[in-house]
Amino acid sequence: MNPNKNMSGQKKILIIDDEKDLIELIGYQLRKEGFAIESTNNPLKAISLARATSPSLVILDVMMPDLNGYQLCQLIREDEQLKNIPVIFLTAKTDSADRVKGLELGADDYLAKPFEFRELLLRVKSVLRRSGDKASVQKNILVSGKLVVDTDRFTVICNGKEASLTATEFKLLQLLMERKGRVQTRENLLVNVWNYEADIETRTVDTHVRRLREKLGDCGNIIETVRGIGYRIPEN
């Protein structure tokens, strides 16, 4: 059985927020949509709870006492068991700089309070689609120079060393590899990787590409910037 699902096959979502009322409201609404919910309003217990429950997705508040959401997200990304679990920030911090910081730390999405539940639900479903089950990824091996992407095993190898990517970063790299030689505009990447309309801010793409290059190490320069347009991986 998939560890990210309960006995009935429901995907599990972990909500971490110091506002009990908000946790109860989000949990109630998500349960109505068929999700299994775990939650805590104590950020100091969040990592141990995540390890114990193996959620499919974490919804994480930023402004919490003792340990804030940025710190928790970083701990999740550094934890061998949790590092591939997608994270959505849900926060009152709405500045562009806060959004970029969250994405740079490894969050997959960032939703500002107050919010409409329908929007949160759409974002949850979108992130879960991007993460997907490894078994559902199309079997294929993509190669460009020293970079090898195995979409069946969900692995990325650069010069013999494996790079650890989030589901969103993997999908972004896979798309660029599958369309080698063709420039992908930021708007096109937003639609195909994030499943958003093209009017969502394009800095999201730039932030993820920068982080992807860093994780690819020696292979990071394989992703070329086409000034004023977008990105591409050149033909071999």
Side-chain angles (χ1 to χ4, degrees), residues 57 77 83-89 96-97 99-111 119 122-236:
L57 171 72
R77 290 292 170 251
K83 62 184 180 181
N84 293 320
I85 296 174
V87 173
I88 295 178
F89 274 132
S96 177
R99 182 186 299 270
V100 169
K101 181 178 179 180
L103 295 172
E104 286 180 335
L105 287 172
D108 295 86
D109 207 341
Y110 195 108
L111 182 60
E119 181 179 4
L122 287 173
R123 290 177 184 246
V124 165
K125 290 181 176 180
S126 176
V127 170
L128 288 173
R129 278 198 303 270
R130 297 202 303 267
S131 61
D133 292 328
K134 294 182 181 180
S136 69
V137 180
Q138 180 182 3
K139 293 183 178 181
N140 203 1
I141 294 180
L142 307 170
V143 180
S144 184
K146 298 178 181 180
L147 184 64
V148 180
V149 177
D150 187 333
T151 60
D152 181 30
R153 297 183 178 181
F154 206 73
T155 58
V156 176
I157 307 295
C158 173
N159 202 21
K161 297 180 180 179
E162 184 170 355
S164 178
L165 306 184
T166 66
T168 301
E169 292 163 353
F170 185 90
K171 187 171 182 179
L172 174 59
L173 178 60
Q174 180 180 347
L175 182 68
L176 290 169
M177 292 281 281
E178 289 175 341
R179 301 179 180 181
K180 282 194 299 184
R182 291 180 284 167
V183 179
Q184 303 303 306
T185 67
R186 291 172 175 83
E187 292 77 14
N188 182 52
L189 290 170
L190 278 172
V191 171
N192 285 279
V193 177
W194 282 264
N195 302 116
Y196 291 166
E197 296 300 327
D199 60 352
I200 299 296
E201 63 182 75
T202 57
R203 289 187 66 183
T204 297
V205 177
D206 297 333
T207 299
H208 276 79
V209 169
R210 181 168 65 252
R211 195 170 68 227
L212 177 57
R213 283 171 170 159
E214 292 172 354
K215 289 188 175 182
L216 292 178
D218 295 340
C219 297
N221 60 6
I222 198 172
I223 304 174
E224 296 181 346
T225 299
V226 181
R227 188 179 297 274
I229 301 177
Y231 299 95
R232 73 179 169 198
I233 291 179
E235 294 279 6
N236 291 337

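Everything numeric here is computed off the predicted structure, so don't read it as measured data.
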_Is it the case that the side chain of N192 and the backbone of N188 share a donor-acceptor pair, with hydrogens and angles ignored and the cut-off at 3.5 Å?_
yes
*Would you say F154 and Q174 make side-chain contact, with heavy atoms under 4.5 Å?*
no
_Qualifying residues under side-chain hydrogen bond (donor to acceptor under 3.5 Å, both in side chains), relative to T155, sequence neighbours excluded_ = none
*Salt bridge or not for D109 and R129, using N-O below 4.0 Å?*
no
*Can you measure from CZ (R186) to CD1 (I229) and round to the nearest 0.5 angstrom?*
9.0 Å
*asked:* I need the I222 CD1 to M177 CE distance, nearest 0.5 Å.
replied: 6.0 Å
_Nearest 0.5 Å, please: how far is OG1 in T225 from CG in D206?_
8.0 Å
*May I ask you to decide if R203's main-chain N or O and T207's side chain share a donor-acceptor pair within less than 3.5 Å?*
yes
_Gap separating the NE2 atom of H208 from the CZ atom of R213, nearest 0.5 angstrom_ = 14.0 Å
*Would L172 and L189 count as a side-chain contact (heavy atoms from CB on, under 4.5 Å) if you check the C-alpha gap in whole Å, the side-chain angles of each, and the deciding distance to 0.1 Å?*
CA-CA 8 Å; L172 174 59; L189 290 170; 3.9 Å; yes
_Does anything in residues 218-231 form a salt bridge (charged side-chain N to carboxylate O under 4.0 Å, His left out)? List the pairs, not counting sequence neighbours._
E224-R232
*Specify the closest pair of heavy atoms between L216 and C158, including all atoms of both residues, with the distance to one decimal.*
O-SG, 3.4 Å
_OG1-OH distance between T204 and Y110, expressed to the nearest 0.5 angstrom_ = 11.5 Å
_Minimum-distance pair of heavy atoms, taken over all atoms of P86 and L57_ = O-CD1, 3.4 Å
*Just by distance, do the side chain of K171 and the backbone of W194 share a donor-acceptor pair under 3.5 Å?*
no
*Heavy-atom side-chain proximity of I157 to L147 below 4.5 angstrom*: no
*Stepwise side-chain contact (heavy atoms from CB on, under 4.5 Å) check, I141 with V149*: CA-CA 6 Å; I141 294 180; V149 177; over 6 Å; no
*Do the side chains of I223 and V209 get nearer than 4.5 Å, heavy atoms only?*
yes
*Among all residues two or more places apart in sequence or in another chain, which pass the side-chain hydrogen bond (donor to acceptor under 3.5 Å, both in side chains) test with T166?*
E169
*Are side-chain heavy atoms of Q184 and L176 found at a separation under 4.5 Å?*
yes
*Any chance you could measure N84, atom CG, to L165, atom CG, to the nearest 0.5 Å?*
8.5 Å
*Whether N159 side chain and K146 backbone form a donor-acceptor pair below 3.5 Å*: no
_Atom of F170, atom of D150 and distance for their closest heavy-atom approach_ = CZ-O, 3.9 Å
*Taking C-beta and beyond as the side chain, do K180 and S144 meet within less than 4.5 Å on heavy atoms?*
yes
*Given the rule in the side-chain contact (heavy atoms from CB on, under 4.5 Å) test, do L142 and V148 qualify, once you have shown the distances and angles that lead to the verdict?*
CA-CA 6 Å; L142 307 170; V148 180; over 6 Å; no
*Return yes if some donor-acceptor pair links the side-chain N/O of R123 with the main-chain N/O of L111 below 3.5 Å, else return no.*
no
